[in-house]
2 protein chains.
Amino acid sequence: MKSDSLQTLKEKGHRITQARSAIIELLENTDRPIAAKSLYTMLERIGIKVNITTVYRELEFLLQENIIEKVPLKDTELHYEMKGRPHHHHLLCTSCGNIEDIALESEHTLLEEAHTVSAYNIKRHSLAFYGQCPKCQ
Amino acid sequence: MKSDSLQTLKEKGHRITQARSAIIELLENTDRPIAAKSLYTMLERIGIKVNITTVYRELEFLLQENIIEKVPLKDTELHYEMKGRPHHHHLLCTSCGNIEDIALESEHTLLEEAHTVSAYNIKRHSLAFYGQCPKCQ
DNA sequence: ATGTTAATTGCAACTTAATTGCATTGTACT
DNA sequence: AGTACAATGCAATTAAGTTGCAATTAACAT
């Protein structure tokens, strides 16, 4: 049950290090975007000691390898999540900071309109909702 | 033809300084979000010498006064624009960095769905499109 | 098993956006 | 003109993220 991404990386000639496989595993098993620093903390908690620089470099690497993507949810730091998951967007609780996924049927209508209305060659978009989660209301 | 916002601020007992009125005027006469640093440059160009700290503090102040709002378009810096303009979103050119407004009819459908689907008490949302502008294509 | 090589890592220094403390300045009001 | 306190400049600080370089180590060959 080794991760596909890991397998692919290995086939491409990249090395499978403790940090790399742990980071991929954490991203795969977390259904929400994670920030570099919390990834670092999570690694620490499971006993993997790496420098924060390594976390940043690994995220940069996984971005280039098209395995993860940036999610700009907060003003102050970036989050990252696995690519290739069903298309969805995010809900961020403005009180506790909790993050959830949300998928919307009516999104494709919006995208169609955007393509029609604009002269830009639109490649991607970002959409996020901010409010209070049930617990914090 | 003095700005409404300026008038309101004065009535609230705030002072009208050169920096304050210039920043508000720049924001009012620019139909796209502006970053703190480019605001600083624009001020310089029109002969207004202020510290970048003042720009940040003024933006913070205008945010609290509910006159402007944050627009998180880029990973590296925040942009700001006047509040109260007709609801719209943004297009950012991934080549030249140009920013444009875009308004979408079908957006309310999306919002309705979001409200229905989610248990969150959604207060606001952010939506941006990324691609190449006509010039850069 | 051991050696080789280049990918990966740690460390320290650096960059950039943004914030803060404090002394000074200047707007608005008397 | 004089006063009060909002606004400002300056320098130092914080926090996210990046970079150069030497040391380490995974993967492959012998």
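Proteins come first, then strands; the chains are lettered A, B, ... in the order of their sequence lines, and each starts at number 1. Excluded from the calculations below are hydrogen atoms, water molecules and symmetry mates; all remaining heavy atoms, backbone and side chain alike, are included. Treat the numbers as computed from the prediction; the structure is a model and nothing was measured.
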Q.
Without decimals, in angstroms, what is the distance between K10(B) NZ and dC29(C) C1'?
A. 11 Å
**Q.** Length of the CD1-P vector between I16(A) and dT25(D), whole Å
**A.** 17 Å
Q: Using atom CD of E60(A) as one end and atom P of dA7(C) as the other, report the distance to the nearest whole Å.
A: 17 Å
Q: Over 60° means perpendicular and under 30° means parallel, so classify the ring planes of H125(B) and F129(A), tilted if in between.
A: tilted
Using a 3.5 Å cut-off and no angle test, enumerate the donor-acceptor pairs between side-chain atoms of residues 114-123 of chain B and protein atoms at least two apart in sequence or in another chain.
residue : atom : partner : partner atom : Å
T116(B) : OG1  : E112(B) : O            : 2.8
S118(B) : OG   : Y120(B) : N            : 2.8
Y120(B) : OH   : N98(A)  : ND2          : 3.2

Q) Got a donor-acceptor pair under 3.5 Å from the side chain of R20(B) to the base of dA7(D)? A) no
Q. More than 12 non-hydrogen atoms from neighbouring residues, nucleotides or ligands closer than 6.0 Å to CD on E65(A), yes or no?
A. yes
Q. How does protein contact run along nucleotides 10-16 of chain C, one letter per nucleotide 5' to 3', with B for base contact, S for sugar-phosphate only, - for none, heavy atoms under 4.0 Å?
A. BBB----
Q) Phosphate oxygens OP1/OP2 of dA7(C): is one of them under 4.0 Å from a side-chain N or O of T17(A)? A) no
Q) Side-chain N or O of Y56(A) less than 4.0 angstrom from OP1 or OP2 on dG17(D)? A) yes
Q.
Tell me the interatomic distance from F61(B), atom CZ, to dC5(D), atom P, rounded to whole angstroms.
A. 17 Å
Q) Base, sugar-phosphate, or nothing for A35(A), non-hydrogen atoms under 4.0 angstrom? A) nothing
Q.
A cation-pi test, strictly: NZ or CZ of R20(A) under 6.0 Å from the centre of the six-membered ring of F61(A) and no more than 45 degrees from its axis. Yes or no?
A. yes
